[in-house]
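Note that these values count all heavy atoms, side chains included, but never hydrogens, waters or copies made by symmetry.
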2 protein chains.
Amino acid sequence: MNPLVKTLHDIHPLSSDARESLEKTLQKVVIEKEEFILREGQVCHRLFFIEAGCFRGYYHKDGKEITHWFGFEKDIVTSFNSFINKTASIEHIQALETSVCWSISYNELYQLYDDFPEVERLGRITCEQYYIKLEDRYVNAQFQTATERYNKMLANTPHILQRIPLGHIASYLGISQETLSRIRAKGMNSKNSEQTHRS
Amino acid sequence: MNPLVKTLHDIHPLSSDARESLEKTLQKVVIEKEEFILREGQVCHRLFFIEAGCFRGYYHKDGKEITHWFGFEKDIVTSFNSFINKTASIEHIQALETSVCWSISYNELYQLYDDFPEVERLGRITCEQYYIKLEDRYVNAQFQTATERYNKMLANTPHILQRIPLGHIASYLGISQETLSRIRAKGMNSKNSEQTHRS
DNA sequence: TTTCCTTTTTGACATATGTCAAAAAAGCCA
DNA sequence: TGGCTTTTTTGACATATGTCAAAAAGGAAA
C-alpha cells in the first residue's frame, strides 16, 4: 500500500473506494537535494507527503534567509496559505536532502473531498493536528528565551539537530548562528552532553 | 437565524436539516466581564462562538501572565489542543468584556460531523483559516522586531488597541509594557498619529 | 471638584542578543 | 595526505529589550 494511504488509514479508516482513488491520484516524485518545489511568488498548487528526506520553508528578510519550518518523513509539505487561497507564496520550499514524496494537486484533493467524506474527515483531522503543533511552536517562539527554545528542541526533536546545518536551525529558532553557538557551548558542561558524542 | 449559523452558511451552504440541527444544539450563554470559561488544568469540552464581546487566552510563566490570543466578534474560542485531544488545558480563557456567545460541546459537534458532511466541511475550512492566521502571527512573532509587530497590529487590527488594556497587548506582542509604551511614544511624532486623536 | 485607584509613561541600569570580523574545526575530494 | 571549501566557534562591541521604581495621566465615584 502507498505509505501515505497507510498513514491516513491508520488515523481514520478509508473505504476501499477511497483508498483506490487516492492511490490512483497520488504521484510519486523524487526531489534532488537543494532543489525547490516552490519559489516565492508562485502559487502552490500541490501537496507533498514526504516518504523519505526533508525540506525547509524559508523567506527573505533584510537580505537574510529566514527558515520558519522543517518537514521530515510523514510530514505534509505545502505553502499552506498559497495552496488554500491561491495567493502568491511568500516562501521558498527547498529539499535539504534528496527526497521521495507523494504529491496531489489542489483540484484532485478537492475532488476527493467531494467524493469521499472520509477523506475530508482526514483533511480536517490533519489540519487540526498541524494547528496544534503550530500553536505549540508559536508559544515557544514568542514567550520563551532562545536557550529554552533550543533545549526544547534538543528534548523533543533531536533528529532535526542531527540532520540540519546549525545556520538553518538558528534561523528557525529566531536567533543568530553565533548566539546558537554560544548557547550550545554553555550546555556542553551540563548533563545535555549528547552533542559531544557525535562521531 | 442564529448569527453563527448565518456566518457558517455564508462560508459554505448548509442543508436545512443541518441548519435546524445546529440551531437546536447551540446554547446561548452570557459571560460577565472578568469571568472565566476555562481554567488552566481543566479539559475544554466546549466551543464558543462570540456574538458580542471579547476574550483572551493566557497562561502563567515565571509568575507573569502571558496573553497569547484575543478573540472578538465572530471568532471561535476554545482551548484548541485541550478540546481536540481532551488534555488538561495550559491556558485560562477569560472574558475581557461582558460577552454573548453560542456554545456547543465536543460530543454534539462530532455528532453533527457524522450526520452532515457539510458541517464537517465547515469544520475543515474553519480550521484551515485559523491555521493561516496563526501562521501569520507566528512569522510575525518570531521574525519581526517588537516595533514591526506593533505597527502591523496598528495597521491590521487597530480595534484590538482600542478595546484592550496595553498591559495585555504588550504581553500579546511578547514585550514588556514599558517597551510597548516607548514604542508608542516614538511613533507619536510620525504619520501614525491616530493614538493622539483619541478622545 | 476632590479623592482614590488603575493604567500608562519615564528614568536608570542590567542583560540578552545581534553584528562584524577572524580563527578554528569539520567535511570533501583529487 | 594535503589543500580547498563550508560550517562552527570565538572575541569585541553595539543595540534592543527587560527590570525595578517612581512619576504622571486618566477614570470613576462621592
Side-chain angles (χ1 to χ4, degrees), chain A residues 33-34 56 58 60-67 70 94 96-98 140-154 160-189 192-199, chain B residues 33-34 56 58 60-67 70 94 96-98 140-154 160-189 192-199:
Chain A
K33 182 173 178 172
E34 311 273 275
R56 66 169 179 141
Y58 74 94
H60 288 276
K61 188 184 178 209
D62 306 331
K64 279 172 299 192
E65 290 182 1
I66 307 280
T67 296
F70 297 113
Q94 183 185 36
L96 294 174
E97 303 170 359
T98 297
N140 261 294
Q142 187 152 15
F143 305 112
Q144 301 198 196
T145 65
T147 304
E148 286 170 329
R149 274 175 268 152
Y150 175 74
N151 285 333
K152 181 150 185 176
M153 188 173 211
L154 206 55
I160 297 188
L161 295 167
Q162 280 149 27
R163 289 171 76 172
I164 313 261
L166 289 183
H168 293 339
I169 291 171
S171 164
Y172 176 78
L173 291 172
I175 55 180
S176 70
Q177 180 163 342
E178 294 91 329
T179 296
L180 176 58
S181 180
R182 288 179 181 115
I183 288 169
R184 286 162 58 84
K186 269 193 209 156
M188 281 295 182
N189 325 340
N192 283 330
S193 54
E194 68 200 72
Q195 312 91 306
T196 61
H197 300 329
R198 294 203 292 185
S199 53
Chain B
K33 181 171 178 174
E34 311 275 272
R56 67 171 178 140
Y58 74 93
H60 288 276
K61 186 182 180 213
D62 305 331
K64 277 173 300 193
E65 290 182 0
I66 307 280
T67 296
F70 296 112
Q94 183 185 37
L96 293 174
E97 303 170 359
T98 296
N140 262 294
Q142 186 151 16
F143 305 113
Q144 302 196 196
T145 65
T147 303
E148 286 170 329
R149 272 175 270 153
Y150 175 73
N151 285 334
K152 182 149 186 178
M153 190 174 208
L154 207 55
I160 297 189
L161 294 168
Q162 280 149 26
R163 286 171 77 172
I164 312 261
L166 290 182
H168 293 338
I169 291 170
S171 164
Y172 177 77
L173 291 171
I175 56 180
S176 69
Q177 179 163 342
E178 294 91 329
T179 297
L180 176 58
S181 180
R182 288 179 180 114
I183 288 169
R184 286 162 59 85
K186 268 192 209 158
M188 280 296 182
N189 326 338
N192 282 328
S193 53
E194 68 198 70
Q195 315 89 304
T196 62
H197 299 330
R198 294 203 293 184
S199 51

- Item | Contacts of type side-chain contact (heavy atoms from CB on, under 4.5 Å), residue A:Gln144, not counting sequence neighbours | A:Asn140, A:Glu148, A:Arg149, B:Lys61

Using atom [atom1] of [X] as one end and atom [atom2] of [N] as the other, report the distance to the nearest whole Å.
X        : N      : atom1 : atom2 : answer
B:Leu173 : C:dT8  : CG    : P     : 13 Å
A:Ile183 : D:dT10 : CD1   : C1'   : 15 Å
B:Lys186 : C:dT8  : NZ    : P     : 20 Å
B:Ile164 : C:dT7  : CD1   : C1'   : 14 Å
A:Leu166 : C:dA26 : CG    : P     : 13 Å
A:Lys33  : C:dC28 : NZ    : P     : 8 Å
B:Gln162 : C:dT7  : CD    : P     : 18 Å
B:Leu96  : C:dT7  : CG    : P     : 12 Å

- Within the distance-only criterion (no hydrogens, no angle test), does the side chain of B:Gln94 pair as donor or acceptor with the backbone N or O of B:Glu34 below 3.5 angstrom? yes

- Query: Would a distance-only check, ignoring hydrogens and angles, find a side-chain to backbone donor-acceptor pair under 3.5 Å from B:Thr98 to B:Lys33?
  - Reply: yes

- What are the residues of residues 141-149 of chain A, sorted by number, that bring a heavy atom to within less than 4.0 Å of DNA chain D? none

- Message: Taking side-chain hydrogen bond (donor to acceptor under 3.5 Å, both in side chains) as the definition, give me every residue that meets it alongside A:Gln142, ordered by chain and number, with sequence neighbours left out.
- Response: A:Tyr138

- Can you list the residues that meet the salt bridge (Lys or Arg N to Asp or Glu O under 4.0 Å) rule with B:Lys152, with sequence neighbours excluded? B:Asp136

- Could you walk me through whether B:Leu161 and B:Met153 pass the side-chain contact (heavy atoms from CB on, under 4.5 Å) check? CA-CA 8 Å; B:Leu161 294 168; B:Met153 190 174 208; 4.2 Å; yes

- Query: How long is the gap from CG on B:Leu154 to CD1 on B:Ile183, to the nearest 0.5 Å?
  - Reply: 11.5 Å

- Query: Roughly how far, to the nearest 0.5 Å, is the OG atom of A:Ser171 from the CG atom of A:Leu166?
  - Reply: 12.0 Å

Would you tabulate the pairs of protein nitrogen or oxygen atoms and nucleotide nitrogen or oxygen atoms of nucleotides 18-20 of chain C closer than 3.5 angstrom?
residue : atom : partner  : partner atom : Å
C:dG18  : OP1  : A:Ser176 : N            : 3.3
C:dG18  : OP2  : A:Ser176 : N            : 3.0
C:dG18  : OP2  : A:Ser176 : OG           : 3.1
C:dG18  : OP2  : A:Thr179 : OG1          : 2.6
C:dT19  : OP1  : A:Lys64  : NZ           : 3.4
C:dC20  : N4   : A:Glu178 : OE2          : 2.9

- Task: Under the ring pair (Phe, Tyr, Trp, His ring centres under 6.0 Å) rule, collect the residues that match up with B:Phe70, sequence neighbours excluded.
- Result: B:Tyr172

